[in-house]
Amino acid sequence: MRLPTVPPTAGLPLQAADLRPWGSENFAQALAHWLGVAEVQLECSGTSALMVALRTLKARQPQRSEVIAPAYTCPLVALAVAQCGLHLRLCDLRADTLDMDSACLQALCSEQTLAVLPTHLCGRVADVAAAVLCARAMGAYVIEDAAQALGARINHQSVGLQGDIGFFSLAVGKGLSTFEGGVLISRDAELARALQDHSRRHTRPERWWELRRSVELLGYAALYRPQGLHLAYGKPLQKSLARGDWVEAAGDDFDDFIPQHTLGRWRQRVGARALQRLRDFQQQTQAQAMARMTKLESLGLEVLGDAASDAQGIWPVILIRMPDMPSRNALLKAQWASGCGLSLPFVHVLPDYGRYQHVLAFAQQDTVTQARDWAQRLVAVSNSPWLDSSRFGGLLQDLQQAIGSQNKSA
Ligand SMILES: *Cc1c(COP(=O)(O)O)cnc(C)c1O
C-alpha cells in the first residue's frame, strides 16, 4: 500500500462536529479572547485583510505611495499592494535570520513610505522592533505580516501588536482554517475603528464566493486526513513536479485578482469550534518540533529557531538552511514528490518568478542578493503529526545523504 501523503504544513484537522450548520458561536470574540486582545476584525483572506490595512493607512497619508516588504515573501503581498494602487519596494534579508536587513531597510525608507511589513515567516517571530525604529523615523506605519504565525508570541503577547496593525491568515495550510480567511488586529483603538469603518463601507457579502468557499471547506474537511491527502495534494503535486513546475508545486501560482467580501457565518462557526483545539494542537506540534530539531541539528544541519529569547513562535514546519543550492535541489528532486513532507516556503524571491514582474515595476533596482540565497537554500520539513517517527527517520537519512554528498563534492 502507498504511504499516506504528509501535508506540507501542520494544519489543524477539522472534525465532523465542527461542520454543524447551527450554533451561536462568536468566532471574532473567541479569537480575540484566544489571542488576548480586545477585539479582532474578520476578513475573507489574509490578503484581503492586508488590503483593508493598506487602504485605511493610505486614507490617512494619501501622499505616500510605497510599501516595503521582504524580498522573500508570499507573492500575494505583491498582488495586494498593486491592487491598492501602491508601489512595492523589496528589502533584502539579513544573512543570519529571515529578518529584513536594517541597513537595507533604512536605505529604502523615505517620505514616500506608507508602510513597512516585517513578516513572521513560517511561524518564526520576526524582529518587529527594528522595523518600527526605521519606519517611525520616516513617519511610516508598520503592518506585521503574521499570516503564518497565528498563536506565535513575543514577550507573552501575540505577534501583531508591536506594529500599528497585524494580520493573520486562515487559509488552508496556515494552521486554523476556514478554507480562506483573514484576521486584523491593532493595539491602537483609533486605528482599529478606522479599519472597521473601512470594512463596513467597502466589504459586502458575496453569495457566490461564500458558497464556493463553503464547498471548498467541506472538501478540505473530508480530504484533510492521511488517506485523503493523496487525492487533494499528493497527486496534483506529483503532476506539477513531473512537469518540473516548482512554482505550481509550491502553490506559488496566484491569480492577480484578489476577491474581497465578508467571511460567512457558517465558516465563522466552524472556525470557532476548531479554535477550541488549537492550543493543544500547537503544544503538541511544538513538542514534536523541539525533539526533531535536536535530531536535525545533530546531523550538522542548520535549523532555524526564533532569534529573540522572549519569542515563542509556532511550528507549522521546521525550516532548514542547506549548505548550498545544489544539495537543496538534489534533495527536493529525490524526495519532494514522495509526499514525505518536504516543501518550500516559497520557490523564489519575488523578482525571480517572472509571472509577478508587472507588480514589481518600482522594485527593479532593489537589492535581493541575500534573500535569493535564502530562497535557494531553504527547505521546509512538515511538522504535521502525520509525519510519524518512522518516516521522519527516513527523512533524516535522506538529509544526511544530501549533506554527505555535498561534503564529498566540496
Ligand atoms: C499566505 C500569506 C499571505 C496571504 O494570506 P491569504 O490568507 O492566503 O490571503 C500573506 N503573507 C504571507 C507571508 C503568507 O504566507
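In each ligand, atom 1 is the first atom listed, and ligand 1 is the first ligand listed. For the numbers below, each heavy atom of this structure counts, side chains included, while hydrogens, waters and symmetry mates do not.
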Test of proximity, Thr73 against ligand 1: N or O pairs below 3.5 Å: no
Polar contact flag for Ser48 and ligand 1 (N/O pairs, less than 3.5 Å): no
Contact (N/O only, under 3.5 Å) between Gly46 and ligand 1: yes
Gln148 and Ser169: side chain donor to acceptor below 3.5 Å: no
Those atoms of ligand 1 less than 4.0 Å from some heavy atom in Lys174: 1 (C), 2 (C), 3 (C), 5 (O), 8 (O), 14 (C), 15 (O)
Where ligand 1 meets Thr47 - atom numbers and elements under 4.0 angstrom, heavy-atom basis: 4 (C), 5 (O), 6 (P), 9 (O)
Close-contact set for ligand 1 against Gln148 heavy atoms, below 4.0 Å: 14 (C), 15 (O)
Presence of salt bridge, Glu216 and Arg213, under 4.0 angstrom: yes
Test salt bridge (charged side-chain N to carboxylate O under 4.0 Å, His left out) applied to Glu25 and Arg265, step by step: CA-CA 9 Å; Glu25 292 87 349; Arg265 287 275 160 214; over 6 Å; no
Pair Glu248 + Arg243, salt bridge at N-O below 4.0 Å: yes
Aromatic ring pairing Trp209/His261, orientation class (parallel under 30°, perpendicular over 60°, tilted between): parallel
Under-4.0 Å salt bridge between Arg277 and Asp280: no
Close-contact set for ligand 1 against Gly181 heavy atoms, below 4.0 Å: 7 (O)
Ring centers of Phe27, Trp34 separated by less than 6.0 Å: no
Sub-4.0 Å atoms of ligand 1 with respect to non-hydrogen atoms of Ala147: 2 (C), 3 (C), 10 (C), 11 (N), 12 (C), 14 (C)
Carboxylate-amine/guanidinium contact Asp99 Arg94, below 4.0 Å: no
Atoms of ligand 1, numbered as shown, that sit under 4.0 Å from any heavy atom of Leu76: 4 (C), 8 (O), 9 (O)
Atoms of ligand 1, numbered as shown, that sit under 4.0 Å from any heavy atom of Val77: 10 (C), 11 (N)
Atoms in ligand 1 flagged as close to Ala171, the criterion being non-hydrogen separation under 4.0 Å: 7 (O), 8 (O)
Polar atom proximity, Asp145 to ligand 1 (N or O, under 3.5 Å): yes
